[in-house]
There are 2 protein chains.
Amino acid sequence: MPSKPSDITMDAVYTKPGYLFRRMQQIAVSIFVEECREFDLTPVQYAALVAIQNHPGIDATRLSAVIAFDRSTLGSVIERLEAKGHIERKPSAEDKRVKLLYLTKAGATQLRNILPSVDRAQARMLAPLKAADRKTLLALLGQLVDLNNEVSRVPLRAEDALEHLGRTG
Amino acid sequence: MPSKPSDITMDAVYTKPGYLFRRMQQIAVSIFVEECREFDLTPVQYAALVAIQNHPGIDATRLSAVIAFDRSTLGSVIERLEAKGHIERKPSAEDKRVKLLYLTKAGATQLRNILPSVDRAQARMLAPLKAADRKTLLALLGQLVDLNNEVSRVPLRAEDALEHLGRTG
DNA sequence: ATCAAATTGGCAGTATACTGTCAATCAAGA
DNA sequence: TCTTGATTGACAGTATACTGCCAATTTGAT
């Protein structure tokens, strides 16, 4: 091997978790969009629809906790879902600040119809690995995300963030 | 368990690779930015600096292949690195279309200085796992990214994309 | 009752990422 | 040579993600 201009080689990037996570995220989104093209839904929009169906009447702040994305980002996501007619925003009676989110009939239908494509996409992401390796990777990744939960700006606060709603559906 | 409004639960999101990859990417960027705050470099900008140091005189299109990001995105990344004084853009003598990229002295210094912080960040991302599990996860992730390389818009084309340059530094 | 603190949604600004388009330029073939 | 096709960098437009700020509102402490 000829000498490099310094001791820093591309391995300082390629073999590191940060690079691999970014690359895998790129690939995952690419596969999702390809499989779900006909439904015109992004991964984030899909996650939002699932969460709203599971928690009808949730507000934007709590939704951000349930799917772990930024409230600032969520505003535009909600706008787009509303523009597509998949969700409705209704003012709350008790708190004039909040707007409650509900799936429309069209949104529920869209969500039901997209599921097979989402499943195909999820399967394709891990398809190159052997079955045992897929299981191992998913398990380790699940652990790691869970153990690092508090690190990101918007930690996941699943169902327990919704206790005050006093209902599960 | 009380019944849900449908069969679609949040597990349709939480346990799937697409969600876990997105979440882990969020966490990884968050850790990187936190550790490297004083250097004012994002993960992408860091990768670009490393690549330019390893391939002085590379052009934007080839750089995008070497670090696997989109050429459209890369334009603004290069602009920012240039504005910070970390890199220089010089027109090519042979091809009037291309602009060759070089690290400035300041850029090289910045890159050298940030390395310990980057190492700390990379270590923190996997820190919650046991050593054996870290190794397993990295190996599987590396395999998966490699095997899915052609899927994304900008497949990684490491060194072999640069053969025509006729040099390694 | 009132004032301080927290919450909610919205906005501005920055930084990836992608699609698609375009003009300038270069390369290859008829 | 001339024309066709490919390449390069730039740009417009959309969609996450983040920081930080703000007004309206609600809640809690006094």
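Below, chains carry the letters A, B, ... as their sequence lines are ordered, and counting in each starts from 1.
- For the pair A:Lys96 and B:Gly75, nearest-nucleotide mapping onto DNA chain D gives the more 5' position to B:Gly75.
- Rounded to whole Å, atom P of C:dA17 lies 15 Å from atom CE of A:Met24.
- Listed here is the closest heavy atom pair of B:Ala68 and A:Tyr19: CB-OH, 3.8 Å.
- Panel note: side chain A:Thr104, backbone A:Gly85; a donor-acceptor pair is recorded below 3.5 Å.
- Between B:Arg89 and D:dG9 there is no side-chain N or O to OP1 or OP2 distance below 4.0 Å.
- What separates CZ of A:Phe32 from C1' of C:dC18 is a distance of 15 Å, to the nearest Å.
- A:Thr42 has a side-chain polar atom (N or O) that falls below the 4.0 Å cut-off from OP1 or OP2 of D:dT16.
- Residue order along DNA chain D, read from the 5' end via each residue's closest nucleotide, puts B:Lys99 first among A:Phe69 and B:Lys99.
- The separation between B:Ile78 atom CD1 and D:dT8 atom P is 13 Å, rounded to whole Å.
- Whole-Å rounding puts the B:Asp70 CG to D:dA12 C1' distance at 14 Å.
- The residue B:Thr73 sits close to a base: some heavy atom pair falls under 4.0 Å.
- In this structure, B:Glu34 reaches neither bases nor backbone, as no heavy-atom distance under 4.0 Å exists between it and the strands shown.
- The nucleotide whose nearest atom lies closest to any side-chain atom of B:Arg97 is, among C:dG9, C:dC18, D:dT8, D:dT8.
- Taking atom CG of residue A:Leu74 and atom C1' of nucleotide D:dT16, one finds them 11 Å apart after rounding to whole Å.
- At a threshold of 4.0 angstrom between heavy atoms, the contacts of A:Val77 are confined to the sugar-phosphate backbone, with no base atom among them.
- Counting atom types as modelled, B:Ser30 pairs no side-chain N or O with a base atom of D:dC18 as donor and acceptor under 3.5 Å.
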Q: Under the side chain to side chain contact (heavy atoms under 4.5 Å, CB included) rule, what do A:Met24 and B:Met24 come out as? Steps first, then yes or no, please.
A: CA-CA 10 Å; A:Met24 198 54 229; B:Met24 198 56 229; over 6 Å; no
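- Between B:Asp95 and B:Lys84, the residue anchored nearer the 5' end of DNA chain C, judged by the nucleotide with its closest heavy atom, is B:Lys84.
- Looking only at distances, a side-chain donor or acceptor of A:Gln110 sits under 3.5 Å from a matching main-chain atom of A:Phe39.
- Looking at the side chain of A:Ser76, the nearest of the listed nucleotides D:dT16, D:dA17, D:dT8 is D:dT16.
- Here A:Arg80 does not reach the OP1 or OP2 of D:dT14: none of its side-chain N or O atoms lies under 4.0 Å away.
- Closest to the side chain of A:Val44, out of D:dT16, C:dA24, C:dT16, is D:dT16.
- Regarding contacts with the backbone of D:dG9, a side-chain N or O of B:Thr61 is found under 4.0 angstrom from either OP1 or OP2.
- In this structure, A:Gln45 reaches the D:dT16 phosphate: one of its side-chain N or O atoms is under 4.0 Å from OP1 or OP2.
- The distance from atom CD of A:Gln26 to atom C1' of D:dA15 is 15 Å, rounded to the nearest whole Å.
- When the P atom of D:dG9 is taken as reference, atom CG of B:Leu101 falls 8 Å away, rounded to whole Å.
- Counting to the nearest Å, the P atom of C:dA27 and the CD atom of B:Glu94 are 10 Å from each other.
- Note on B:Arg37: nothing from the nucleic acid sits closer than 4.0 angstrom, heavy atoms only.
- Formation of a donor-acceptor pair under 3.5 Å by the B:Gln25 side chain with backbone atoms of A:Arg22 is found in this model.
- OP1 and OP2 of D:dT16 both lie 4.0 Å or more from every side-chain N or O belonging to B:Arg22.
- Residue A:Gln25 is classed as a sugar-phosphate contact, given heavy-atom separations below 4.0 Å to backbone atoms only.
- B:Arg124 has its side chain within reach of A:Val151: a pair of non-hydrogen atoms, C-beta onward, lies under 4.5 Å apart.
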